[in-house]
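Structure first, then comments.
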Amino acid sequence: MNINKNLVQKILNEHCEEGDWTQPGNEIGIRIDQCLTQDSTGTMAWLEFESLGLDKVRSELAVSYCDHTSLSFKGESADDHAFLKSIANRFGAIYSKAGNGVCHQIHYERFGVPGKTLLGSDSHTPTGGGLGMLAIGAGGMDVAVAMAGGLFYLQSPQVLKVSLSGELAWGCDAKDVILEILRRLTVTGGVNKVIEYTGKGVRSLSVPQRTTITNMGAELGATSSVFPSDEITKAFLTAQNRGKDYRELGADEYAKYEEEITINLFNIEPMVAMPYSPDNVHKVSEVAGEPVNQVVIGSCTNGSYREIKLASEMLRGKKVNSNVDLIVVPGSRQVQQMLLKDGSIDVITDAGGRLIDPGCGPCIGMGFVPGNGQFSLRTVNRNWQGRGGNKNAKLALCSVEVAAASAIAGKISDPREIKPIRADEPSSFFIDDSMLLFPKNEKVEIVRGPNIVPIKKQTILPAMLNGEILLKVGDGISTDDILPAGPLTQHLRSNLPQIAKFVFHYIDGEFAQRAVEKQGGFIVGGTNYGQGSSREHAALAPKELGIKAVLAKSFARIHRDNLINSGIVPLICHTDQFKQGEILELDLTDFYDVRIRNKNTGKEIAAEHNLSFREIAILKAGGVLAYAVQ
Ligand code: MIC
Ligand code: SF4
């Protein structure tokens with residue numbers, strides 16, 4: 001192959017241990033340097049790691065974060081935290097306490113290293129790409145295997161080059177860049193691709209701005225997104241007192257890419273993703289004037305120090321509109337401490353804004369759930385129906401600048417209508433790692449509250465699968481549709497029998513009961529089935545209800561892997577021909593000629609699938625854990 005490599009190819013070349021990465025589409029196995037888990041996917045991931053029977057974590061670094069349920073609305077979450085803390089200490093991982101902030105923000109502040117691979121049990125793990133890492137989101141079982149020193153398997157990606165030129169003007173920010181890319185490419189535009197940012201415009205973006213862009217590559221369906229590691233990266237790492245972690249890294253001059261798009265940052269305008277999809281993007285001028293009831297600033301997308309400082313400068317001497325609730329959620333405790341020390345929080349609260357603990361909070365409806373018909377403008381990354389905890393609320397996504405301007409005006413507003421305001425990246429960050437607990441290499445006892453339900457042994461897949469189509473759904477079903485996040489379920493993530501009762505809760509409240517009564521069956525979906533979060537509960541909980549296979553037109557990457565790892569067969573076919581309630585028989589005797597017999601119509605069709613040898617072996621074993629210990 002060409003000796004000139006792009007950045008993605010360089011990292012793959014250093015980490016690929018199985019398969020030929022030079023051919024996009026090939027299954028490859030890569031070595032994972034760093035792993036992260038968070039509290040809502042982490043309890044399962046750690047139970048799964050434990051079931052592998054090892055004594056210690058084998059990846060260079062593993063960090064267990066506590067952010068999604070950090071407010072412990074229910075005692076079960078506190079049980080989960082005690083479990084996570086003890087199991088991290090037992091197996092040699094770092095534990096980040098509740099209140100320390102969102103995993104992605106802390107990880108790039110304190111641990112990310114350019115050129116390393118990071119696998120995280122959260123779909124926004126690619127945030128780390130802003131530091132020049134190849135950072136990938138995956139289900140808990142894949143992370144458990146990686147923590148055990150196993151390879152992570154993926155399709156060798158196509159690399160999409162995004163060439164940036166120019167500089168952003170006042171009122172326009174990194175969020176508008178990624179919203180513009182979502183407008184152009186849609187939520188499926190990144191599937192099986194890694195997006196690599198290059199060009200002179202890269203130098204005008206700080207590391208936190210880069211992470212906003214790589215964070216929302218997840219909404220494009222991309223495997224990951226990555227920026228070069230350059231002088232800006234060096235300055236950021238130095239300001240975090242981690243200059244020694246810097247390594248210069250970028251594409252070779254004549255590197256090749258499968259695709260390319262160009263963006264002149266001068267031409268970027270403030271954007272808003274209107275309800276109910278991150279790609280329903282409009283220029284702010286097209287939607288300005290829409291009355292707003294709630295504004296949320298923060299999250300792993302836009303929770304950095306400079307951004308919240310900027311919001312406070314925009315609010316200085318002003319008041320939040322009387323019709324608006326303004327909620328500010330710093331991405332991390334470091335951000336919170338700096339904002340407290342420099343007086344920014346005073347300014348925000350003087351203006352009538354409310355500050356909450358660093359963590360995920362409103363982003364997944366853990367508090368500040370908007371009311372029926374209310375419009376919530378948020379700097380988060382997802383706005384599917386129901387995402388904020390109420391399916392009758394309207395959620396829209398925007399930058400900190402648009403959010404702050406709109407909070408003052410009470411309606412969606414263009415920040416360029418107010419005089420330019422600056423906030424700069426600090427030359428040094430306030431460092432206090434006291435909420436990171438480093439393992440003490442002691443044989444500690446693992447604390448298991450009643451909420452920590454042991455995982456079941458995976459059992460061999462039968463050659464014939466029979467059952468009813470228990471539900472037929474349309475295109476773009478997200479994992480939030482399959483298993484909603486938020487206060488209903490968030491405390492049940494380590495309790496599969498209980499959380500399974502909420503499968504498809506908002507789409508069909510009787511689904512779970514029906515599935516149990518019929519002793520399981522099949523789900524039929526449309527395109528991009530399972531887009532969104534990495535939560536493997538969207539596969540594990542249907543498995544708990546007896547779901548044997550999902551038939552869809554196409555699957556989102558992480559969910560497809562989660563189905564396979566859980567022992568549910570993902571099959572691709574033209575699903576328009578099926579009706580809910582029909583009885584199917586799936587003949588898996590020969591995985592290279594899977595037959596689907598419809599007992600109602602008498603028709604037999606061949607199902608396609610793109611399962612590799614390894615994936616077929618996992619399915620036959622009953623799931624990846626059974627396969628790993630075979
Ligand atoms: C999300 O943003 O959807 C979540 C909640 O962080 C999920 C993880 C989860 O469901 O626990 C994700 O992105 O993977
Ligand atoms: Fe947390 Fe929201 Fe980020 Fe997911 S997207 S990690 S819920 S802040």
Side-chain angles (χ1 to χ4, degrees), residues 36-45 64-71 77 80 84 96 98 100-108 119-128 135-140 142-143 175 178 211-212 214-219 221 278 296-304 327 329-332 335 356-368 378-384 386-389 395 397 478-494 499 502 530-541 556-559 561-562:
L36 74 78
T37 59
Q38 39 89 333
D39 46 1
S40 69
T41 55
T43 46
M44 291 310 293
S64 168
Y65 293 94
C66 194
D67 47 9
H68 287 65
T69 59
S70 56
L71 295 172
S77 297
D80 286 354
L84 289 170
S96 173
N100 203 29
V102 188
C103 54
H104 310 303
Q105 172 90 21
I106 305 170
H107 204 87
Y108 81 76
L119 194 72
S121 62
D122 191 282
S123 64
H124 291 105
T125 303
T127 310
I136 302 177
D142 280 331
V143 178
K175 184 63 161 281
I178 188 66
T211 65
T212 296
T214 52
N215 174 282
M216 277 192 81
E219 278 53 64
V296 177
I297 295 179
S299 86
C300 64
T301 320
N302 295 106
S304 74
I327 297 109
V329 202
S332 69
V335 171
I356 57 167
D357 216 26
C360 296
C363 179
I364 35 159
M366 297 301 281
F368 297 98
R378 302 175 157 211
T379 67
V380 306
N381 46 35
R382 293 186 167 152
N383 64 339
W384 297 307
R387 166 74 177 187
L395 305 185
L397 314 174
S478 72
T479 47
D480 277 291
D481 293 319
I482 304 171
L483 190 70
L488 271 183
T489 58
Q490 216 63 22
H491 58 294
L492 297 173
R493 291 291 189 100
S494 30
I499 204 170
F502 295 92
Q531 67 167 323
S533 112
S534 69
R535 77 188 64 132
E536 64 185 344
H537 301 74
L540 292 172
R557 175 186 66 88
I558 306 181
H559 187 60
D561 291 352
N562 286 340

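The analysis underlying the following values was restricted to heavy atoms, covering all of them including side chains, and did not include hydrogens, waters or symmetry mates. Whatever order the structure lists ligands and atoms in, that order sets their numbers, starting from 1.
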Identify the closest protein heavy atom to [atom]: which residue and atom is it, and at what distance?
atom                    : answer
atom 1 (Fe) of ligand 2 : Cys360 SG, 2.3 Å
atom 2 (Fe) of ligand 2 : Cys363 SG, 2.3 Å
atom 4 (C) of ligand 1  : His68 NE2, 3.6 Å
atom 11 (O) of ligand 1 : Ser40 OG, 2.6 Å
atom 10 (O) of ligand 1 : Arg535 NE, 2.5 Å
atom 7 (C) of ligand 1  : Ser533 CB, 3.3 Å
atom 4 (Fe) of ligand 2 : His68 NE2, 3.8 Å
atom 13 (O) of ligand 1 : Ser123 OG, 2.5 Å

Numbered atoms and elements of ligand 1 in range of [X], under 4.0 angstrom, heavy atoms:
X      : result
His124 : 2 (O), 13 (O)
Ile364 : 5 (C)
Ser534 : 12 (C), 14 (O)
Thr41  : 9 (C), 11 (O)
Arg493 : 9 (C), 10 (O), 11 (O)

When you look for heavy atoms under 4.0 Å from ligand 1, do you find them on the side chain of [X], its backbone, both, or neither?
X      : answer
His537 : neither
Arg387 : side chain
Asp122 : both

Supply the atom-to-atom distance Thr37 OG1 to Tyr65 OH, rounded to the nearest 0.5 angstrom.
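These two atoms lie 9.0 Å from each other.
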Are the side chain of [X] and the backbone of [Y] linked by a donor-acceptor contact shorter than 3.5 Å?
X      : Y      : result
Asp561 : Gly139 : no
Ser123 : Gly137 : no
Asp67  : Cys360 : no
Arg387 : Cys363 : yes
Lys175 : Val380 : yes
Arg382 : Gly388 : no
Thr489 : Leu492 : no

Is there an N/O/S atom in Cys300 that lies less than 2.8 Å from atom 3 (Fe) of ligand 2?
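Yes - counting backbone and side chain alike, Cys300 has an N, O or S atom under 2.8 Å.
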Short list, please: which atoms of ligand 2 are under 4.0 Å from a heavy atom of [X]?
X      : answer
His124 : 5 (S)
His104 : 6 (S)
Ile364 : 7 (S)

Contact between Asp122 and ligand 2, counting heavy atoms under 4.0 Å?
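Distance cut 4.0 Å: Asp122 passes for ligand 2.
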Heavy-atom contact check, 4.0 Å cutoff: does Arg382 meet ligand 2?
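Contact absent.
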Taking both backbone and side-chain atoms of Ser121, is any N or O found less than 3.5 Å from an N or O belonging to ligand 1?
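No; every N/O pair is 3.5 Å or more apart.
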Pairs of nitrogen or oxygen atoms closer than 3.5 Å, one from Asp480 and one from ligand 1: do any exist?
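Between Asp480 and ligand 1 (N or O atoms, distance only) the closest approach is not under 3.5 Å.
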Shortest non-hydrogen contact from [X] toward [Y]:
X      : Y      : value
Leu395 : Trp384 : CD1-O, 4.2 Å
Asp142 : Leu119 : O-CD2, 3.7 Å
Ser304 : Gln105 : CA-NE2, 3.8 Å
His124 : Asn215 : CD2-O, 3.1 Å

Salt-bridge test for Arg535 and Asp480: reply yes if a basic N is under 4.0 Å from a carboxylate O, no otherwise.
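Looking at Arg535 and Asp480, the cut-off is met.
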Could you tell me whether Asn381 approaches ligand 2 through its side chain, its backbone, both or neither, with non-hydrogen atoms closer than 4.0 Å?
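The answer is the side chain.
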Which is it for Arg387 and ligand 2 at heavy atoms under 4.0 Å: side chain, backbone, both or neither?
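It is the side chain that touches ligand 2; the backbone stays farther off.
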Passing candidate, side-chain contact (heavy atoms from CB on, under 4.5 Å) with His68, options Asp80, Thr41, Asp122
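Among the candidates, only Asp122 passes.
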How about Thr379 and Thr301: do any of their side-chain heavy atoms sit closer than 4.5 Å?
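Contact flag for Thr379/Thr301 side chains = no.
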If we only consider heavy atoms of Arg382, is any one of them less than 4.0 Å away from an atom in ligand 1?
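A heavy atom of Arg382 does come that close to ligand 1.
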When you compare the side chains of Thr127 and Thr211, does any donor N or O come within less than 3.5 Å of an acceptor on the partner?
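No pair is found: no donor N or O on one side chain lies under 3.5 Å from an acceptor on the other.
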